[in-house]
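The next block holds one structure in the form of structure tokens; read it before the comments.
For reference, positions follow the sequence shown, starting with 1.
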Amino acid sequence: MSQPSFLNRQTLYLHPDPSRVVVRRFGPAAEPRDFNPAEKAKANHIVDRVMSLDTEAAANLLAEVLENFNGRHRNLLERFETRADEMEDAFAAHGAFTKVQRQLVGAYFLHEYSFEAAALFNPSIVLHPDQSDAPAGGLRFILSVRAVGEGHISSLTFRSGSIAADGEVSVDPTSRLATIATLHNRMARLDGEDVEVVFAADSDISERVIFPVTASQSNGIEDARFVAFEEDDGIVYRATYTAYDGRSIRSELIETRDFLSFRLSPLRGSAAVNKGMALFPRKLGGRYAMISRQDNENLHLIYSDDLLTWDGGIALLKPQYPWEFVQIGTCGSPIELDEGWLLLIHGVGAVRKYTIGAVLLDKADPSKVLGRLRQPFVQPEPSEREGYVPNVVYTCGAMRHGDMIVLPYAVSDTFCHFATVKVAALLAAMEPGCAVTNAPGEDNRRPAGQPTLESAKP
């Protein structure tokens with residue numbers, strides 16, 4: 001299958017860098033309060049050994065540790081102290097500590113983690129909230145990327161960059177340092193926890209790493225689909241993502257206005273127990289709207305009054321062409337065009353090959369499909385088929401720039417590439433089709449009380 005003429009692959013790549021490390025809690029359990037008796041005993045043994053050092057030996061050891069690691073992290077001594085504060089349960093059986101001893105204990109319960117050692121992939125892109133340095137006729141953007149390190153634990157990290165007037169993409173230099181967000185607040189919920197994490201205001205955006213902080217996320221924060229959402233009081237950047245605890249998954253929501261403070265909340269409802277939810281960039285008919293795949297195969301259109309509860313849905317798309325016979329899914333939030341809502345989708349075909357296609361939904365009533373590509377427009381290149389997961393191209397979100405779509409996408413679950421797509425030519429390549437086809441066993445009739453969306457923004 002030849003590359004379509006409306007697709008322009010760029011020469012820019014983002015590869016994982018194992019030299020970028022963060023310091024994480026070290027220990028058999030997530031937090032000291034969770035230690036079982038054997039783990040508490042081991043923690044106490046470590047504390048005993050530190051306490052046995054005389055004053056000079058402790059000071060020399062701390063100086064050696066700082067000399068070895070200080071240039072690799074910001075505020076490392078402060079991080080040692082913070083970790084020591086978290087270890088109070090392990091200190092209960094011991095007497096008074098000197099400041100040096102506490103800092104040493106903190107160091108012994110931390111470790112370096114190369115958070116993108118294995119992969120840097122599944123990007124999404126949104127308009128940067130600060131456009132003061134945008135190129136003439138271009139814009140600034142923020143890219144979210146899924147990073148994977150030891151143990152296949154996924155975290156969320158960021159890049160910034162620019163798009164020139166002609167669509168050429170450039171990414172700002174990446175900071176050598178990286179920092180995990182500080183847990184600022186926990187807000188108990190019946191079905192889990194809302195948490196707020198924050199970064200230092202003087203940190204570069206490429207330093208910021210959102211690492212799992214709740215039990216539901218303990219094995220990964222995966223595939224964030226960011227969108228700039230229009231609220232009455234301004235833009236809120238929101239993303240759905242998959243929380244994975246090593247056994248089960250659920251969809252969760254992240255919100256920020258400045259990419260410094262982030263609130264992470266669990267979603268509930270029948271549609272939130274699967275992957276791949278993608279939020280529309282504004283309310284439709286006064287309600288929040290998503291494209292989702294709650295049945296592991298087909299796409300549905302779903303609505304919510306409160307942003308956190310997602311049930312039911314209208315059957316929208318099912319696998320139709322050979323390249324998507326296994327399943328289809330979203331490739332990010334719908335993009336608003338004059339002609340309708342452009343929805344990028346992925347399809348899974350023979351030998352589990354992932355490719356990217358597109359459909360056009362009616363702007364007033366997105367349950368109506370106006371057009372659909374018969375063939376994918378992005379597929380693995382022969383030179384790019386190898387990686388952590390072969391034969392995969394995937395994106396978590398593109399954005400419009402003038403008459404083109406800027407598309408960051410992942411290759412073989414390993415690294416990121418960029419392309420631009422001419423909107424008019426993409427739409428012209430679609431086959432018309434206004435009827436919604438029922439998914440097997442599904443009824444696509446509008447649920448009772450569902451708005452007709454005539455009042456939606458034209």
Side-chain angles (χ1 to χ4, degrees), residues 1-14 122-127 135 137-139 141 143 161-171 225 227 278 281 291 299 317 320-324 328-349 353-363 366 369-385 391-411 416-434:
M1 188 186 305
S2 61
Q3 175 177 302
S5 59
F6 54 78
L7 177 70
N8 174 37
R9 281 185 166 92
Q10 303 199 3
T11 59
L12 178 63
Y13 294 87
L14 289 181
N122 291 2
S124 72
I125 188 171
V126 291
L127 193 69
L139 52 83
F141 67 82
L143 192 77
S162 299
I163 303 170
D166 63 359
E168 189 71 19
V169 178
S170 60
V171 174
R225 292 167 165 84
V227 64
I291 304 294
L299 289 181
L317 292 167
Q320 183 172 342
Y321 302 116
W323 59 275
E324 55 187 19
I328 55 175
T330 62
C331 275
S333 293
I335 300 170
E336 189 166 10
L337 307 174
D338 293 340
E339 297 83 357
W341 294 103
L342 176 64
L343 177 66
L344 303 184
I345 64 172
H346 73 261
V348 183
K353 179 182 178 182
Y354 276 69
T355 52
I356 299 174
V359 299
L360 185 68
L361 308 178
D362 187 86
K363 186 178 289 191
V369 179
L370 303 182
R372 184 171 182 174
L373 289 181
R374 176 179 286 272
Q375 300 287 351
F377 70 97
V378 183
Q379 61 178 331
E381 289 283 282
S383 62
E384 298 177 345
R385 295 179 60 181
N391 306 308
V392 172
V393 290
Y394 197 89
T395 183
C396 286
M399 66 180 293
R400 184 179 182 179
H401 172 47
D403 63 352
M404 67 186 73
I405 300 297
V406 178
L407 173 66
Y409 65 94
V411 177
C416 297
H417 198 186
F418 293 82
T420 55
V421 184
K422 291 291 186 181
V423 172
L426 173 64
L427 298 182
M430 291 184 179
E431 293 188 347
C434 297

All heavy atoms of Leu343 vs all of Pro334, minimum pair found to be CD1-CG, 4.1 Å

All heavy atoms of Ala398 vs all of Pro408, minimum pair found to be CA-CD, 4.2 Å

| message | Any heavy-atom pair between the side chains of Tyr409 and Arg9 that's under 4.5 Å? | response | yes

dist Glu168:CD -> Thr11:OG1 (nearest 0.5 Å) comes out at 6.0 Å

All heavy atoms of Val411 vs all of His417, minimum pair found to be CG2-CB, 4.2 Å

Check: Counting N and O atoms only, with roles assigned by atom type, does the side chain of Arg372 sit under 3.5 Å from a partner on the main chain of Leu317, one being a donor and the other an acceptor?
Finding: no

Is there a side-chain contact between Leu370 and Glu339 (heavy atoms, below 4.5 Å)? no

Between Trp323 (side chain only) and Arg374 (backbone N and O only), is there a donor and an acceptor less than 3.5 Å apart?
yes

- Query: Do Lys363 side-chain atoms and Leu337 backbone N/O form a donor-acceptor pair below 3.5 Å?
  - Reply: yes

Heavy-atom nearest pair, Asp362 first then Trp341, reads O-CD1, 3.4 Å

Thr420 and Ile163: side chain to side chain contact (heavy atoms under 4.5 Å, CB included), yes or no, with the steps? CA-CA 10 Å; Thr420 55; Ile163 303 170; over 6 Å; no

Note: Leu12 and Val171 closest approach over all heavy atoms is CD2-CG2, 3.6 Å

All heavy atoms of Phe6 vs all of Ala425, minimum pair found to be CB-CB, 3.4 Å

4.5 Å side-chain heavy-atom contact, Val423 and Leu342: no

When rounded to the nearest 0.5 Å, the distance separating SG of Cys331 from NE2 of His346 is 6.5 Å

- Item | Leu373 side chain reached by Leu426 side chain, heavy atoms, under 4.5 Å | yes

- Message: Strictly distance-based, threshold 3.5 Å: is any side-chain N or O of Gln3 a donor or acceptor partner for the main-chain N or O of Glu381?
- Response: no

dist Thr395:OG1 -> Leu407:CG (nearest 0.5 Å) comes out at 5.0 Å

request  = Would you sort out whether Lys422 and Asp403 count as a side chain to side chain contact (heavy atoms under 4.5 Å, CB included), showing the intermediate values?
outcome  = CA-CA 6 Å; Lys422 291 291 186 181; Asp403 63 352; 3.7 Å; yes

| Would you say His401's side chain and Ala164's backbone share a donor-acceptor pair under 3.5 angstrom? | yes

Is the closest side-chain heavy-atom distance between Pro376 and Ile356 below 4.5 Å? no

Problem - Side-chain (Ser333) to main-chain (Ala278) donor-acceptor, under 3.5 angstrom - result: no

Test side chain to side chain contact (heavy atoms under 4.5 Å, CB included), reference Ile291, set Leu361, Val359, Ile345, output is Leu361

Distance col, row Glu324:CD vs Gln375:CD, nearest 0.5 angstrom, shows 10.0 Å

- prompt: More than 12 heavy atoms of other residues, nucleotides or ligands under 6.0 Å from CZ of Arg400: is that the case?
  reply: yes

- [ ] Test side chain to side chain contact (heavy atoms under 4.5 Å, CB included) on Leu344 and Phe377 and set out the steps.
- [x] CA-CA 10 Å; Leu344 303 184; Phe377 70 97; 4.0 Å; yes

